[in-house]
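As structure tokens, the structure follows; a few thoughts come after it.
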Amino acid sequence: MLQKINIFESVAGSVVSTGPAKCVHCGLRIPAGVSGMFCCRGCEMVFTLIHERGLDDYYRIRDQGASIRSSRPAAVSSESLNFYSHLDDPEFLNLYCQPEAGTGLRTMQFYLEGVHCTACVWLTEKVSEWVAGVRSIRLDLGHSLATVKLDSNGSFSEVAREFMKLGYRPHPVKQDEAQALEARENHRALIRMAIAGAGAGNIMLLAISVYAGATGVLQHYFEWVSFLICLPVATYSAWPFYRSALGALRSRQLSIDIPIALGLSVAFVASFISILIHSKHVYFDTVSSLVFLLLASRYVLRKTQQEALHATRLIHFLTPSMARRKRVQGSGFEEVSVDSLQAGDHVLVLAGECIPTDGIVCSGISALNLSLLTGESRPELVQPGVPVFAGTLNTQAPLEIEVQSFGSATRLGKILSSMEEHLSRKAPIVAFTDQISKAFVLISLALVGVAFYVGFTISPAEGVSRALAMAIVACPCAFAFATPLALSIAMGRFARYGVLIKGADVIEKLAHVNQVVLDKTGTLTTGQFEVKKWLIDADQVGIEEAVYALETRSTHPIARALVSFLKPRLNGREIPGVEEFSETIGRGLSGRIQSHPYEVQALNEELLNGSPNLSNDAGTQIAILKDGNRVGRVTLGDSLRTDTESAVEKLRALKLGVKILSGDGKSAVMSVANRLGVGSRDAYFKASPEYKSEVIGKMPRALMVGDGANDSIALASAYVGVAVHSGMEISMRAADVYQRQPGVMPVVHLIRASRETLKVIYRNFAFSLVYNFIGTYAAITGHVSPLFAAILMPISALTVFGSSIVGTRKLRKIYSQLSDESQEAAV
Amino acid sequence: MSAIYLMLPIALLLGLSFVVAFIRAASQGQYDDLDTPAHRILLEDKISQVTLKKGNL
């Protein structure tokens, strides 16, 4: 241990000397009441392990720290270190592992919780050096994916356990066809873009020579070379536009790709004919640079959208998929996948874990946190014989549960299937930007006709030439690539801040939201116990010290709340010793302090009947007894997040209606509603998941913010659903937006930024209109030349490009606020 | 000026070779992960004990 402390000083000295005590391993503040250098036992274990393996360089690399993404390393419990044995199951390997033909190597991908910096890359990849049979480990930091390659001697469970010991909880990722397909599609898009870019650059060099005055054979030579370079650009690279335009025509719909495909193909063919007949209308430079710009903007949007989707897909793994099943023969427990549980199996659920199936407690007494399933903030006491439900959190002591129903038959499963149903019923919303582009398409097609008519009055040949010029100029390219660019900037900014937007159309919907419906527990409030009232008889002394002494010995959420409440009040006073300490789960603590028997216990119904006014207080009541007499009373409850009030105020300032929709009891909901100034008609309490969805379904253009399973159906049926980070990540599948940041503030930023982004899109539209008006006028009067197009097109493109990048002043302010806040969170 | 008839194809061939190289790199998936290589380059294969003792933290 001494050696460890030396290492700790040399390695992490900088962490200690600055500010309040921070955990040597994870750098988080050490919570009150915990002594030593670590915030938790998990961190201490990881530190010891890293040191034993001679990997102290981890801390050096970390502290030189390149970028650090804010996230907390997964806590490790020593019990879970023996598990992951199911990873070596042949059946499991069949699904998750990819064998390499010929070499005997096997590959599996793991999603690792908590990887966030350069040092994590180093540490995880080092695992290959001490685990036998590991050929290589590569970590993809952006996606938190580790690719593990094993030869025939290695076992994946051993690697998984090693990751676990280092504090990165691993989740095997199923290899599916869709992902491989997506990767191939991405490669192809990149190649199309590269060809277009290379083509555009080279053709521009040649075109400049022609514009600068190259004539005769030289001009002809340049034009033919341009044609050859442009051929793959106008065919292979531009293929997606032709395909999408044809698809739209076949289904008789207007799409922005129709005029694009028309413009590109007409310009290319007309230029080719121009070379043959020695005419001056050669547009290869314009064609290739437009194809490049369009492909580039679509690639960026596609990537941003995929990143958000990937991240949400991977968070699925955070929901437990393992259970500890009691062995039928022999003793002990084995880790199995939740899907393989049968009715009648006994499973062990440790404190801090989610209950995997519906069932009945057979042994153990504990308190369950129901908030994710029902929205109720008060913990429920369970003992043998009491039914428990999947998706609730065991907070206090290990429980053994007999499985009754599992999978989709559980209460959670039913909520999920109902959510899926609502999700599939959600009608696609026609984006306003789509409608604009449709108008654009119609007008430009009509103008081609006008140009032809005007030219035809002069001569038929002039009519054809002007119609061609019109088709080229009217190509709404600027608009077509500026919109995706503006949207992907917004999505990218929010993704870096920890808010994942699942689709580009969501931003437009966010801008049109007119009311915000908030879940209470975990969204408006912290979802954790805090002391609200502390009443001690005036003539008593030493109570605070005694209660503190008792409560530091318990891990119950109420005890932790009392400890963190009392610590600053004690102000360093001496804490007496406790004799005969005992804890009765569901009742409270007792012990003898300075020869007085003390008890701290939950007020039960009988006690409540004696003083009826107590029951009006929202929250949990605790009594303090000394020598058998009540000397004090404490009220605990779920308190508001610090930024909730200002966030709600800001929502109102945005002219949004604010409502509360909670599964919690009336008094708890009303006290929050009163503090936030939400009228009693706008606060719904005791709402079941189905009722929540019904209420939301009746509100057009409502944004729902919630966490947990009880909100998932409502999130699916809302106009826009925002899922907030919680212990269980089911709700995010139903939501359009998933925020890793807690609280309502991100929603305020989201709505403001979306409104501004839409403004930028409208502005781009106005710019495009102006340029197209100029182009149209020139085409109809017969003034369009290749040089004219080569100047007008890039200028219009650059204008909207710049406009999208610069955004608006408000938008820049919001974005800089976002990066400030995420930096604060990282510290 | 006639040199250009020779120079232009050579220049284009050179450009083409880069495009081909890019296509190969892209299809091998070299552009799939753009984050981690930037971090990995900061890691030495073997960090000497001397640097550690000097306390270059």
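Source: prediction; values computed, not measured. Values reported hereafter were calculated over all heavy atoms of this structure, with side chains retained and with hydrogens, waters and symmetry mates removed.
Nearest approach of B:Leu8 to A:Val225, heavy atoms of both residues: CD2-CG2, 4.1 Å. Between A:Lys303 and B:Asp32, the shortest heavy-atom distance links the atoms NZ-O, 4.4 Å. The two atoms that bring B:Tyr5 and A:Tyr221 nearest to each other are O-OH, 3.2 Å, heavy atoms only.
Interface residue A:Asn202: only side-chain heavy atoms are found under 4.5 Å from chain B. Contacts of B:Leu12 with chain A are made by side-chain atoms alone, with heavy-atom separations under 4.5 Å and no backbone atom involved. Neither the backbone nor the side chain of A:Leu205 has a heavy atom closer than 4.5 Å to any heavy atom of chain B.
No other option in B:Leu16, B:Val19, B:Ile4 has as many heavy-atom pairs under 4.5 Å with chain A as B:Ile4. Contact count versus chain B (heavy atoms, under 4.5 Å) is highest, among A:Arg184, A:Arg138, A:Arg188, for A:Arg138.
In this structure, CZ in B:Phe22 is found 4.0 Å from CG in A:Leu190, a value given to the nearest 0.5 Å. Here the CD1-CD1 distance, from A:Ile191 to B:Ile23, works out to 5.5 Å after rounding to the nearest 0.5 Å.
Atom OH of A:Tyr211 sits in a crowded spot, with more than 12 heavy atoms from other residues, nucleotides or ligands closer than 6.0 Å. Heavy-atom neighbours of A:Arg302 CZ from other residues, nucleotides or ligands within 6.0 Å: above the threshold of 12.
Annotation: side chain to side chain contact (heavy atoms under 4.5 Å, CB included) contacts of A:Trp224 (sequence neighbours excluded): A:His220, A:Phe227, A:Phe272, A:Ile275, A:Leu276.
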